[in-house]
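Predicted model only: the values in this text are computed from it and were never measured.
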Amino acid sequence: MAKTKEATPTEERRVPPWHCMSKEEVIKEMGLKPDVRKTGLTTAEAAERLAKYGENKLTEAEKESLLVRIWKLNYNVLVGILVFVAIISA
């Protein structure tokens, strides 16, 4: 029995290095017309891309509560010793 090689997530979806590509290469990779920089997308093309890729929004990270932030700042052995000594000496 021959084992089949399972594709890793990076092999399944090839992500080009956009920052290293020229404008023309990006336009070709995105499947756009060469004159798109002058004419822009049509309404139909924009609607199609919106349906395919979704809105261009960043996901907002979950916010930490004030108590969690204070705990992270003070969660240290030395800080604990200092607080303990301050309580005893008071």
Q. Which residue pairs pass the ring-ring contact (aromatic ring centres under 6.0 Å, His included) test with at least one member in residues 20-71, sequence neighbours excluded?
A. W71-Y75
Q) How far apart are the closest heavy atoms of I27 and K33, and which atoms are they? A) CG2-O, 3.5 Å
**Q.** Least distance between heavy atoms, R49 atom then M30 atom
**A.** NH2-O, 2.9 Å
Q) For the hydrophobic clusters of this structure (ILVMFWY residues joined by side-chain heavy atoms under 4.5 Å, transitively), does one cluster hold both W18 and V36? A) yes
**Q.** Interatomic spacing from CD in E48 to CG in L50 - rounded to 0.5 Å
**A.** 11.0 Å
Q) Would you find more than 12 non-hydrogen atoms of other residues, nucleotides or ligands less than 6.0 Å from E45 atom CD? A) yes
**Q.** N56 atom CG: more than 12 heavy-atom contacts under 6.0 Å
**A.** no
**Q.** Qualifying salt bridge (charged side-chain N to carboxylate O under 4.0 Å, His left out) pairs with a residue from residues 64-81, counting only residues at least two apart or across chains
**A.** E64-K72
Q: Could you list all the salt bridge (charged side-chain N to carboxylate O under 4.0 Å, His left out) pairs where at least one residue sits in residues 74-90, not counting sequence neighbours?
A: none
